[in-house]
Asks: 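My questions all concern the structure below.
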Amino acid sequence: VMVADTNDLASCIKQFRFYLAQPNENHAVRQLGHKLYQQLFLPIIPYIGDKELIIIPDGPMATIPFEAFLEQKKNQKSVRSLCPTPNPAT
């Protein structure tokens, strides 16, 4: 499954991390969180079904909180229970 263009993904992650550190940038965080959800999770949802998804992030992916990805642009913090529990190995 092709999930996302790596250049666009890297840019989006960089922006997301920047705005997460800004106290008054909730709108930008919501938009980028939704964009990352669309790029990373939406393409694989049909293959997951009701199975548990385990993610072991690497590189820049290890620096972002997956629980901040938004299924919708509104204030809902639901990734359909796809938000991973932090990997104990990290």
Asks: Evaluate the criterion ring-ring contact (aromatic ring centres under 6.0 Å, His included) for residue pair F16 and F69; output intermediate values, then yes/no.
Replies: CA-CA 10 Å; F16 190 59; F69 293 173; 5.8 Å; yes

Asks: Is there a side-chain contact between R30 and H34 in this structure, where contact means two heavy atoms from C-beta onward sitting under 4.5 Å apart?
Replies: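 A side-chain contact is absent here, since even the closest heavy-atom pair is not under 4.5 Å.
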
Asks: To the nearest 0.5 Å, what is the distance between CD1 (I56) and CD1 (I54)?
Replies: 7.0 Å

Asks: Once you round to the nearest 0.5 Å, how far does NZ of K14 lie from CG of L32?
Replies: 13.5 Å

Asks: To the closest 0.5 Å, what do you measure between CD (Q15) and CD (E25)?
Replies: 11.5 Å

Asks: Between I13 and P60, what is the shortest heavy-atom contact and its length?
Replies: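 Heavy atoms only, the tightest pair is CG2-O, 3.9 Å.
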
Asks: Report yes if some heavy atom in the side chain of I44 is under 4.5 Å from a heavy atom in the side chain of L53; otherwise report no.
Replies: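 Heavy-atom side-chain distance check passes, below 4.5 Å.
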
Asks: Identify every side-chain donor-acceptor pair in residues 17-24 under 3.5 Å, counting partners at least two apart or on other chains, and give the distances.
Replies:
| from | atom 1 | to | atom 2 | distance (Å) |
| --- | --- | --- | --- | --- |
| R17 | NE | T63 | OG1 | 3.3 |
| Q22 | NE2 | F18 | O | 3.4 |

Asks: Check whether any side-chain heavy atom of I55 sits under 4.5 Å from a side-chain heavy atom of L40, and report yes or no.
Replies: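 Result no, sub-4.5 Å side-chain heavy-atom pair not found.
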
Asks: Quick one: side chain to side chain contact (heavy atoms under 4.5 Å, CB included) partners of D8, sequence neighbours excluded?
Replies: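 D5, K35, Q39.
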
